[in-house]
J.: 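First the structure, which I've put down as structure tokens, then a few questions once you've had a look.
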Amino acid sequence: MDSYALWVLSFLFLIPFLLGVISIFIKSFPADRMMRVVLGLSALAVLLLLWGGEMTLPVPLSFLGEPISLSLSTTALLLCLFLLGVLGVLLHLNRGKSGRTLSRFNFLVLNFSLCFGFLAFFSNQFMIRYIVLELVGLLAAASMCQSLTPEAFKRFGDIFLTLRIGDICLLSSILLILPYSGALAIPEMIAAAEVMPLAQRSCVVLGFVLAVMVKMGVFPFSGWQKRARATMDTPAFWTTGFLMPALGMYLLYRVQPLIESDPLFQVAVPILAAGVILARMAISYFGQRPYERFIHLGSVMNGFILLMAAYSTGHALRYYFLGLLLHRLGLYLQAQEVLPQKWGVLAFYPVVLNLAILVPHLNHFPIALTTGWVALTVLTFFWDRHLTTRVLSPQTAYGSVTRDWRRPVAALAEGLYQHMEINAFSNGVEHLAGAFAGLVEWVQYSVEMGFDRAWAGLGKLLNAISTGGLNVLEIGADKKTIGWVEDLMQSVEARERDVQSRSLRQDLIWIPILMLVILGFLSISQGG
Amino acid sequence: MISSLWLLGVAALPLVAVVVLLIWRKATKLQAGVLALVSEGLTLLIVFLLLPRLRQDGAVFYSFAWIQNLSINFSLELNWLSLVFLVTEMAVTLAAMVYSLGENTGEKSSNYYYALLLLFSLGMSGTTLAEDVFVFYIFWELMLLASVLLILIWGHGEERGKVSLKYFIVTHLGSLIVLVGLITLYVNVGSSSLSVLMEQAGSLPLQMQRTLTALFVIGFSVKMAIFPLHIWLPDAHTVAPTPVTIILAAAMLSMGTYGILRFPFSLFSMEALQPFSLWMMITGLISEVYGALMAFAEKDVKRIIAYSSVSQMGYILFGLGSLTEVGMQGAVMHVVYHAIVKGLLFMVVGIIIQATQERDIQKLGGLGKALPAVCLAAAVGALGISGMPPLGIFNSEWMIFSGGFETGFPAILTIGTLLGSIFTVIYALRFFGAIFLGDQRPDKLPKKASLALILPTVAVAVLLLLGGILPGPLLSWVVRGVQGVVGGL
């Protein structure tokens, strides 16, 4: 069974990958037809794996000395199957739009996304999972580059950077656990993390939760989803709109035991979830930007997943994921004007979904969580309903919906909107980039050019010292020496002239004569 | 089995080629280049031929008496650690020599140009193979002299005299600090042989070990261009002809890493090294962030990549400073991957400068259509330097960060380094986007990029991808090399 499953999995990974590579080199590649073949074969393979049941498969490969293994969980397989269905819908819509064919670029992005997406779902080892998540992030960002314009590249950069921040959070958590687990297998790592000291475990949980929030596009990390809507009418949107959030959900599913490992996290994560849901709702409600249901309601609903993750609900979480993805698809179809804008099912759907999960687990959840959940569900319903109506009604101006009783809240929300949504988040990247550029220029001027100035100053100082030294010690000394020598020469010459000017003293001839006489006497006396 | 005498060939063969080049004054650029390439290629072949011997014995050793009165021998040793650095350095030199053939460098006095390239490479080979501290230092200085002359004679612009002098003075100061350490070791242990030093240096007084560690770390950090000792690097990299820049950035910087591993880390006790751990990690972090910020602010395309070296060396110092096996392995892996990616990026920059005659990034743009292969190679390089899997640097960064988390220091230090890597992504994206996307600037390319430039560039891009996907062979060398270093700790 294991080897059969391994073959099917290899097929699942390799077919899209190889076809993607082949499409790069063949100009007249039949992308549309081949995409349908890939989709059909992939769905068949996933169904076969579902039929085989859950299992963990060791792979005879390793990376950086770490063994690789794959795990087939029903949750992952169901998510994959659902995502393939969504892709089928997107492709069908693409054909429906005046018979557009799938471009090679979209084919490449989709096939690589399929390959790495499947790997991310089935990897039982954190390093491989991390690598493929990064690659899916790159593909999600690359899907913006349908044309090589600066605007497209800016969107690429924004999405890539945001997803990269999530990846860094994920990597930090993985590497924090690694010294405790000594292995990268996900179950072992989670088990080791559950007994880590609370301080480190808090960092790990924070890293995982932030990574999940980024990937699911939960407030305040929903900006990348907004930018991704530029490609909403192409099938490549599947990667940003569906695959990436689903991978975020599945990541949460894998690390959920960690949130449950301490009461602190069981309180903190739902509070965080409620906070991000409320903030998203308040900003959309009081904001002046048009309400985009797919982005805003999608982000709010993803926030509910964090609420649910605090307590184990067994298989319910899996169905909640599927339910939310279905809701997401509905929102997408509405945004694409396939479904009517006033279709009431989509408004009631979140309420039904949340109640369907809550009711069977009433005894399981603490009362505070249940109450909060119900309150947020109801609030979400009215919030969505009001904003949808506001968008659809001709009087959509912000001022027209503000009433007196709401003024304090409106002021708060206006402040929140102005400072958080506009200043911090919407313009945040630009502000940050501006501040960053300013900081960098300052650092460059003060420090780097400071080094240059210091270097130049050092050079000048050295030059001054050496010139001074040369002037004082060498040239000055030289001049002085020359002066001394000249003085000496002059005094010698003067002496000579003085001597020469005097008359010869003949009386001095007696001195050598006398000396010779003395020497004569001495030699005679010794000889004697 | 091949004799250990062949090890001498690694030093002798380039020397013979240098002598021939010096005599052969009428050699054309192609003739000189081919001779140098053959010599370097054969030298690399010798290294690979010695591999079975290395596998069998764990090291290949060759020695003969040199200055007998002082008991100094001309000793060379090929071990797993030196192998990694040696192969990296030689491969980089080979790529730079091929690149030189397509570049407008060394048109005049080609024989001297290639002779100096060979001497530069010989300096690095000798440094990695030296088993005697004095031999080490001689090759260390040869490396410096050859590179200074290459910048001085074939460098760009009027400033090359000043820049080469600055490069010489600053790096030489570092070398002198290293020399003080080497002499102190020799005087106190009574031997210049590294194997003897490895046995006995650990028993030196703890204070002396720490002082020597400080000297070596500072001295070698100058060569690594770690902040704030990097002041020589941006100018030298910018003024040097592109092939020389490639060797400087991709190979010579790594000699500092090798020095730190070979001297303080191999010789002294963990007790002596421990106090430096935190400082090395903090300095590494600062260097990483600072270099990335400067690369973001810089407008000269060559200087952008030069500053990125300062940043990347920060990662390496961080990994070394962790004093963990995995951190050091990551640092050594990073040396290799950095050499590949930096070689690639400088090749890209060289092609752009040659094709556009422009270095200011603000005056460039939209070159993706005119230079598609270069654009693709640059994309690989930009993603590679950002640590994107599966492009090599991801593997080494993973190991470096793992090492960081394994230390007893607060996790925030490693998390800070991880977050600092975002800056790398920012400057890499800016570099790529500004040059290759948007409206084409300049409108017409004054020159076409030759195939001799594009081919090695694309080949290096493929190598970066392969090196990332298949890290196994490199990792096995690095693991054995680092075991040799930290085995005694």
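Residue numbers begin at 1 in each chain, while the letters A, B, ... track the order of the sequences. Excluded from the calculations below are hydrogen atoms, water molecules and symmetry mates; all remaining heavy atoms, backbone and side chain alike, are included. Note that the structure is predicted; figures quoted are calculated from it, not measured.
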J.: Do B:P390 and A:L135 have side chains that approach each other closer than 4.5 Å (heavy atoms only, starting at C-beta)?
T.: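 Heavy-atom side-chain distance check passes, below 4.5 Å.
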
J.: Would you check if the distance from the ring center of B:F394 to the ring center of A:Y130 is below 6.0 Å?
T.: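 That pair passes the under 6.0 Å test.
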
J.: Hey, which residues of residues 433-441 of chain B are touching chain A, say heavy atoms under 4.5 Å apart?
T.: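 B:G433, B:L437, B:G438 fall under the 4.5 Å cut-off.
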
J.: Please flag which part of B:T414 lies under 4.5 Å from any non-hydrogen atom of chain A: side chain, backbone, both or neither.
T.: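 Neither part; nothing is under 4.5 Å.
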
J.: Using 0.5 Å steps for rounding, measure from the OG atom of B:S402 to the CG atom of A:L171.
T.: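 So the gap between those two atoms works out to 7.5 Å.
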
J.: From A:I168 CD1 over to B:T417 OG1, what is the distance, rounded to the nearest 0.5 angstrom?
T.: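 Between A:I168 CD1 and B:T417 OG1, I get 11.0 Å after rounding to 0.5 Å.
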
J.: Select one option (side chain, backbone, both, neither) describing which atoms of B:I469 are under 4.5 Å from chain A's heavy atoms.
T.: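 Contact with chain A involves the backbone of B:I469 alone.
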
J.: Among A:L176, A:I165, A:D167, which residue forms the greatest number of heavy-atom pairs with chain B at distances under 4.5 Å?
T.: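 The answer is A:L176.
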
J.: Do you know which of A:G157, A:A199, A:S172 has the most heavy-atom pairs under 4.5 Å to chain B?
T.: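 Top count of heavy-atom pairs under 4.5 Å with chain B: A:S172.
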
J.: Can you tell me how far apart CD1 (B:I415) and OG (A:S173) are? Round to the nearest 0.5 Å.
T.: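 If I round to the nearest 0.5 Å, the distance is 8.0 Å.
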
J.: To the nearest 0.5 Å, what is the distance between CG (B:L429) and CZ (A:F153)?
T.: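 The distance works out to 5.0 Å.
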
J.: Below 4.5 Å from any heavy atom of chain B, which atoms of A:L178 appear? Answer side chain, backbone, both or neither.
T.: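 Contact with chain B: side chain only.
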
J.: Between the main-chain N or O of B:S386 and the side-chain N or O of A:R164, is there a donor-acceptor pair closer than 3.5 Å?
T.: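 Judged by distance alone, yes, a pair lies under 3.5 Å.
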
J.: Under 4.5 Å from any heavy atom of chain B, what part of A:I174 do you find: side chain, backbone, both or neither?
T.: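 Only the side chain of A:I174 comes within 4.5 Å of chain B.
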
J.: Heavy-atom pairs under 4.5 Å with chain A - which of B:G472, B:S476, B:G366, B:P471 has more of them than the others?
T.: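 Of the options given, most contacts go to B:P471.
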
J.: Any side-chain heavy atom of A:I177 within less than 4.5 Å of one from B:F405?
T.: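 They are not in contact (no side-chain heavy atoms under 4.5 Å apart), so the answer is no.
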
J.: Supply the atom-to-atom distance A:E134 CD to B:L391 CG, rounded to the nearest 0.5 angstrom.
T.: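 Reported to 0.5 Å precision, the distance equals 10.5 Å.
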
J.: Identify which part of B:L475 has an atom lying under 4.5 Å from any heavy atom of chain A, answering side chain, backbone, both or neither.
T.: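 The side chain, not the backbone.
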
